[in-house]
Amino acid sequence: MKLHRIVALITRHLYLYRRSLPRMMEIFYWPFLDLVVWGFITIYLMRFQGQLPGVVTFFLGALILWDVLFRAQQGITISFLEEIWARNLMNLFASPLKPSEFLAATMALSVFKVTAVSIVMVVAALVFYSYNLFLIGLWLIPFVLNLIVAGWTIGVLTTSLIMRFGQEAEVLAWGMVFLFQPISCVFYPIEVLPRWLQAVAWANPAAHVFEGMRLVLNQAALPLMHLAWATGLNLLYLALMVGWFHHTFSICKERGLLVRVGE
Amino acid sequence: MPTSIVEVRNLTKRFGEFTAVDGVSFEIRQGEILGLLGPNGAGKTTTIQMLLGLITPTAGSIRMFGLDLATHRETILGQINFSSTYISMPYSLTVEENLWVVAKLYGLTNIPRHIDEVVKKLEMEEFRSKVTRKLSSGQMTRLTLAKAILTEPKVLFLDEPTASLDPDIAHKTRHLLKEVRRSAGLSMLYTSHNMREMEEMSDRIIFLQRGKIVTQGTAQEIMARFGQSDLEDVFLKIAREK
Ligand SMILES: Nc1ncnc2c1ncn2[C@@H]1O[C@H](COP(=O)(O)OP(=O)(O)OP(=O)(O)O)[C@@H](O)[C@H]1O
Ligand SMILES: [Mg+2]
């Protein structure tokens, strides 16, 4: 890996954001709107505080953390789509750039994106609903890191599909992540799922993070097991997905698809 | 005899049942401009994309600077570049930003100096700070040419580089390419559907049809071989056979 090539790609995308209103809205406006809607829902639910303890802390916290995963995924997939839309893939892959460097750059971009979106959401939650995400404490750090990696995995998966199947697969950039939402147990505990689906959910690192978050907020126990599972599963899936991306990349070169994606 | 920079042996590309490039062999020598001529669908672009590592050949070998492209991708790709009317550059960046990104990608040092030089060479001063979206198609072509010579490649692959240029700019571009070739000893592989341009630019021409080389040599040799006084007549004769 060569750092200068990764820096080149990152800079190219930062230039892009600097001059584009829709792209800035993606970072500032939409997450903010999301939070406002969920904030009102929580205020409404607070009336039933007695029956549902801790509902406020759960909902807004879960929403902000879910957005971490979502934006991490988008950071990767949208960066790839940007190259398709700009008809820039040929320029990139006829240069010495390696697929792994491409992925590294999009991962870095996704961290920028997550950071920017999280700042917006955390501040807005604090200002409008007096909600402090840092109630979760230092556990927040490993939780967020795990969610970012889970987002990368889905991002790399989606990118491979778009590269392989072209324009028709583009909607996956927005939809794919929601396939995983029901089994991520973002807003409800895993025990509400039917038993067979619980088994599936335990294989999902994000479910472990959200279960862990609930443990911490309920001050029930330390989420060590959940963190261990999340980390292990994440590393396994990420490695598999990166391998699959490389495999797809070489299939696309074989079939001459790389020069045609988006046409 | 000058050494060959590019050596292609038995290059073949099949897409499923269809053979787009069929056992093509050629070489490009140091400082030489090789023209690739042929009707639509003959396999010119596919050949170039294999040489750029964007399409994996079904069979055959590609060597540049004595190295195999299959095993020395990074080293080789750092020393070549390409331009074509079919490619584009990111629209939301300015011309200079785009050039900066390319320079960084190829690991150039002293980037501002390189950019100043290429902007001057291609007479791009008046639109260097413009957003790429606002360029005319001719300016866009100049930008993609600029990105190709910016990285000081040893071989340049040009797929119809002058297709959307007005005659004045096209003339200047050809002049410039010959100038770059002279000063930097660069080799080029060139495609065009403009016969006069082909004749003017190429030291040697390869005529491809249905993925196969049907004839090759200097423009003079080819015209003599087919008993024509004009390359266009040779083209028509070959293209209309069978
Ligand atoms: N990815 C692909 N899958 C299937 N067939 C392809 C693919 N790429 C090219 N072809 C086919 O290979 C043949 C050669 O195409 P190519 O683009 O190389 O021709 P060309 O000589 O550049 O033509 P033109 O003068 O029109 O640019 C065409 O018949 C084309 O349809
Ligand atoms: Mg072509």
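No hydrogens, no waters, no symmetry mates; every other heavy atom, side chains included, goes into these values. Just so we're on the same page: letters track the sequence lines, and every chain starts at 1.
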Completion exercise
Most contact-rich option vs chain B, by heavy-atom pairs under 4.5 angstrom, among A:Cys252, A:Gly256, A:Ser250, A:Ser95, is A:Ser95
Exercise for the section: Look at B:Ile87, B:Ile55, B:Leu93, B:Leu52 and state which one has the largest set of heavy-atom pairs under 4.5 Å with chain A. Expected result: B:Leu93
Problem - Region of B:Ser83 that comes under 4.5 Å of a non-hydrogen atom in chain A - result: neither
Exercise for the section: Mind checking the CZ-OH spacing from B:Arg181 to B:Tyr190? Nearest 0.5 Å is all I need. Expected result: 11.5 Å
Handout entry: Expected output: side-chain B:His114 to main-chain B:Thr109 donor-acceptor under 3.5 Å
Key = yes
Exercise for the section: Could you tell me if the ring centre of A:Phe187 sits under 6.0 Å from that of A:Trp38? Expected result: yes
Problem - Option in A:Glu82, A:Arg18, A:Arg19, A:Lys98 with maximal non-hydrogen atom pairs under 4.5 Å from chain B - result: A:Arg19
Problem - Contacting region of B:Phe15 [heavy-atom separation from chain A under 4.5 Å] - result: side chain
Exercise for the section: Using non-hydrogen atoms and a 4.5 Å limit, figure out which bit of A:Leu258 sits close to chain B: side chain, backbone, both or neither. Expected result: side chain
Problem - Heavy-atom pair count under 4.5 Å with chain A, highest-scoring of B:Ala103, B:Pro90, B:Ser92 - result: B:Pro90
Practice task
Examine whether an atom of A:Ser20 lies under 4.5 Å from a heavy atom of chain B, and if so say whether it belongs to the side chain, the backbone or both; otherwise answer neither.
Solution key: neither
Exercise for the section: Kindly say whether the aromatic ring centers of A:Phe93 and A:Phe249 come within a distance under 6.0 Å. Expected result: yes
Problem - Proximity breakdown for B:Gln49 and chain A, heavy-atom pairs closer than 4.5 Å - result: side chain
Handout entry: B:Lys172 vs B:Asp166, salt bridge (charged side-chain N to carboxylate O under 4.0 Å, His left out): CA-CA, chis, key distance, verdict
Key = CA-CA 10 Å; B:Lys172 281 184 178 155; B:Asp166 75 45; over 6 Å; no
Exercise for the section: Please determine which of B:Arg142, B:Met140, B:Lys134 meets the side chain to side chain contact (heavy atoms under 4.5 Å, CB included) test together with B:Phe127. Expected result: B:Arg142
Completion exercise
Among A:Leu92, A:Asn91, A:Leu9, A:Leu3, the residue with the most heavy-atom pairs under 4.5 Å to chain B is A:Asn91
Practice task
State, yes or no, whether a side-chain contact exists between B:Val6 and B:Leu189 at a heavy-atom distance under 4.5 Å.
Solution key: no
Handout entry: Aromatic ring pairing A:Phe210/A:Trp66, orientation class (parallel under 30°, perpendicular over 60°, tilted between)
Key = tilted
Problem - Region of B:Val102 that comes under 4.5 Å of a non-hydrogen atom in chain A - result: neither
